[in-house]
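Read the structure below first, then the notes.
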Amino acid sequence: MSARKVRVRFAPSPTGALHIGGVRTALYNYLFAKQHGGDMILRIEDTDSQRFVPGAEEYIIESLNWLGIKFDEGVGIGGPGAPYRQSERRDIYKKYVQQLLDGGRAYIAFDTPEELDAKRSDVANFQYDASTRMEMRNSLSMPKEEVDALIAAGKQYVVRFKIEPNEDVVVNDLIRGEVVINSSILDDKVLYKSADELPTYHLANIVDDHLMDISHVIRGEEWLPSAPLHVLLYRAFEWEAPRFAHLPLLLKPDGNGKLSKRDGDRLGFPVFPLEWKDPKTGDVSSGYRESGYLPEAVINFLALLGWNPGNDQEIMSMDELIQLFSLDRCSKSGAKFDYEKGKWFNHKYIQQKSNAELAAMFMPVLKEHGVEADAEKVEAIVGLMKERVNFVKELWDQSSFFFIAPEQYDEKTAKKRWKAESPEQMTELCEVLSGIEDFSAANTEEIVKEWIAAKEYHLGNIMNAFRLAVVGESKGPHMFDITALIGKEDTIARLRKAVATIK
RNA sequence: GGUCCAUUCGUCUAUCGGUUAGGACGCCAGAUUUUCAUUCUGGAAAGAGGGGUUCGAUUCCCCUAUGGACUACCA
């Protein structure tokens with residue numbers, strides 16, 4: 001391998017929200033670049049003016065920013081290769097298109113899209129290539145004067161790459177090894193359209209990767225079939241081609257096929273990093289961020305979908321991933337998207353957060369429920385409850401009773417735990433509690449247990465009824481941790497209310 | 001239809017010719033617990049099929065099957 005400096009790019013098209021598979025591609029590029037001390041470039045491939053969606057570019061940048069995937073050069077940052085938006089590079093492409101034309105490696109074609117459609121429905125498996133191009137309307141089949149006249153008359157045309165047939169083109173893929181495709185199955189790809197004076201993806205991509213000195217092209221497997229075309233293009237320009245690595249696809253969790261936005265809607269999980277509102281339809285799609293995912297968890301989860309470090313380690317920070325990542329440990333086959341495992345990763349990362357950090361994230365949720373609580377109390381509660389949840393917002397379901405006294409009591413639990421003697425015992429318990437000075441968990445527990453022992457009550461019966469009265473159902477952490485947090489007054493009030501209410 | 005890529009527990013995957021085929025998620029069971037969770041322990045669960053090569057194939061080769069991607073003046 002050449003000693004070229006590692007430079008990779010993530011080159012999305014601003015046609016909508018960034019798909020989670022695209023995020024993974026960006027991540028692998030990033031990990032690879034950083035591991036080799038190389039550069040990561042963000043290029044926006046907006047050569048299709050038809051499909052441009054306003055806001056998409058900003059969305060992409062914000063998403064990657066949230067996830068901690070950083071760029072060294074590109075749109076929004078600048079750099080020696082600027083501009084990084086392909087629509088701003090028209091003149092550059094024109095020059096290279098002309099070079100191909102002058103060298104006889106490409107030609108001008110006048111066939112309209114309608115004519116081609118007609119031809120395709122007419123002739124089965126029609127392909128615009130060496131076997132058919134002389135029958136078409138182009139600068140190869142027509143006299144030069146006619147071509148010039150048509151152009152002078154303002155007739156729209158495209159420039160097609162002239163592919164020589166019957167040649168085995170070898171793509172050396174870092175993940176898949178040698179992939180050989182015969183050039184005869186390739187068509188004379190359109191490289192440039194006079195209508196909008198823009199190149200198509202293939203030309204723009206090759207020119208930019210060359211000009212930006214990209215050393216490795218790491219992209220989705222959907223590009224593998226066109227990789228030979230790209231190799232041929234590099235050869236036509238006499239440029240050194242970058243190394244290629246085609247990543248396996250992210251598949252639907254159930255059934256088969258590529259993971260799509262629809263699957264997320266259908267199965268109820270996000271396929272986009274951030275919430276996205278389609279400017280045309282107004283449809284809103286959920287995002288990982290809004291669903292309560294920690295960026296670290298999304299990164300870790302995605303990293304392991306198609307790659308592994310070769311041992312049993314699963315929890316890895318971005319820095320560790322950068323250390324451990326390698327293209328030759330990427331799998332070749334597609335990975336079904338396992339949303340359940342994603343949740344588990346989030347659970348793991350929540351456990352790693354400090355109580356203060358978690359409390360800060362929980363505060364807005366409390367506010368939504370109309371609860372005002374001081375940070376210290378929330379921190380303590382979060383510390384008690386975090387191991388039970390996958391998401392910060394689940395904290396509310398688990399711990400709302402800390403903030404709001406139960407309005408009603410779970411029927412099943414009441415039936416099972418509230419005995420005939422419970423009202424009397426709970427009233428007695430109120431007396432015991434009211435006499436306690438130090439209401440800390442340890443002290444309260446000691447005194448209450450002494451009382452239970454002295455009275456020879458059944459510990460389980462007392463505690464379960466106590467819990468029902470304070471929490472409203474049969475759940476929650478250690479009882480005395482709860483009472484210490486809600487305080488003596490509230491504890492007693494809840495007990496009295498339960499005695500008056502539960503039958 | 002054509003071309004290319006792929007194929008180990010339900011899912012993500014380990015294994016670079018010799019293993020009781022390992023781990024994780026999920027699932028089930030048990031233990032712990034004043035409840036619910038958590039946690040811990042255990043369990044069920046896999047080499048698509050057929051041919052070769054080899055003393056020996058999950059591993060290498062071929063065929064078949066299945067899945068996927070691509071096959072635009074989209075990326």
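Sequence lines set the chain letters: A, B, ... in the order given, protein chains first and strands last, and positions in each chain run from 1.
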Taking only N/O atoms, report every protein-nucleotides 69-75 of chain B pair under 3.5 Å with atom names and distance.
| unit_1 | atom_1 | unit_2 | atom_2 | d |
| --- | --- | --- | --- | --- |
| B/C73 | OP2 | A/Arg120 | NH2 | 3.3 |
| B/C73 | OP2 | A/Arg160 | NH2 | 3.4 |
| B/C73 | N4 | A/Asp111 | O | 2.6 |
| B/C73 | N4 | A/Pro113 | N | 3.1 |
| B/C74 | O2' | A/Asp48 | OD2 | 2.8 |
| B/C74 | O2' | A/Arg51 | NE | 3.4 |
| B/C74 | O2' | A/Arg51 | NH2 | 3.4 |
| B/C74 | O2 | A/Arg51 | NH2 | 3.3 |
| B/A75 | OP1 | A/Thr47 | OG1 | 2.8 |
| B/A75 | OP2 | A/Tyr201 | N | 3.1 |
| B/A75 | O3' | A/Ser13 | OG | 3.4 |
| B/A75 | O3' | A/Glu45 | OE1 | 3.2 |
| B/A75 | O2' | A/Ser13 | OG | 3.2 |

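The ring pair (Phe, Tyr, Trp, His ring centres under 6.0 Å) pairs that include a residue from residues 384-404 of chain A are A/Tyr293-A/Phe391, A/His369-A/Trp396, where partners are two or more places apart or lie in different chains. Identified under the side chain to side chain donor-acceptor pair (under 3.5 Å) test for residues 382-393 of chain A, with sequence neighbours left out: A/Asn355-A/Lys386.
Residues passing the side chain to side chain contact (heavy atoms under 4.5 Å, CB included) test with A/Ser194 are A/Gln156, A/Tyr157, sequence neighbours excluded. Here A/Ala106 pairs with A/Leu100, A/Leu101, A/Val159 under the side chain to side chain contact (heavy atoms under 4.5 Å, CB included) rule; sequence neighbours left out. The side chain to side chain donor-acceptor pair (under 3.5 Å) test applied to A/Asp168 returns A/Asn182, not counting sequence neighbours.
Across B/A44 and B/G10, the matching C1' atoms stand 12 Å from one another, rounded to whole Å. For the C1' atoms, the distance linking B/A46 with B/U13 amounts to 12 Å, nearest Å. On the P atoms, B/A37 is 12 Å away from B/C28, given to the nearest whole Å. Taking atom C1' in both B/G2 and B/C61, the straight-line distance is 25 Å, to the nearest Å. Atom name C1', nucleotides B/U66 and B/G49: the rounded distance is 10 Å, in whole Å.
Figure legend. B/G67 is base-paired to B/C5; pairs are counted as Watson-Crick or G-U wobble with both atom distances under 3.5 Å. In this structure, B/U15 makes no Watson-Crick or G-U wobble pair, since no nucleotide meets both defining distances under 3.5 angstrom.
Between A/Asn125 and B/G1, a side-chain N or O to OP1/OP2 separation shorter than 4.0 Å is absent.
Open room surrounds CD on A/Glu424; 12 or fewer heavy atoms of other groups in view lie less than 6.0 Å from it.
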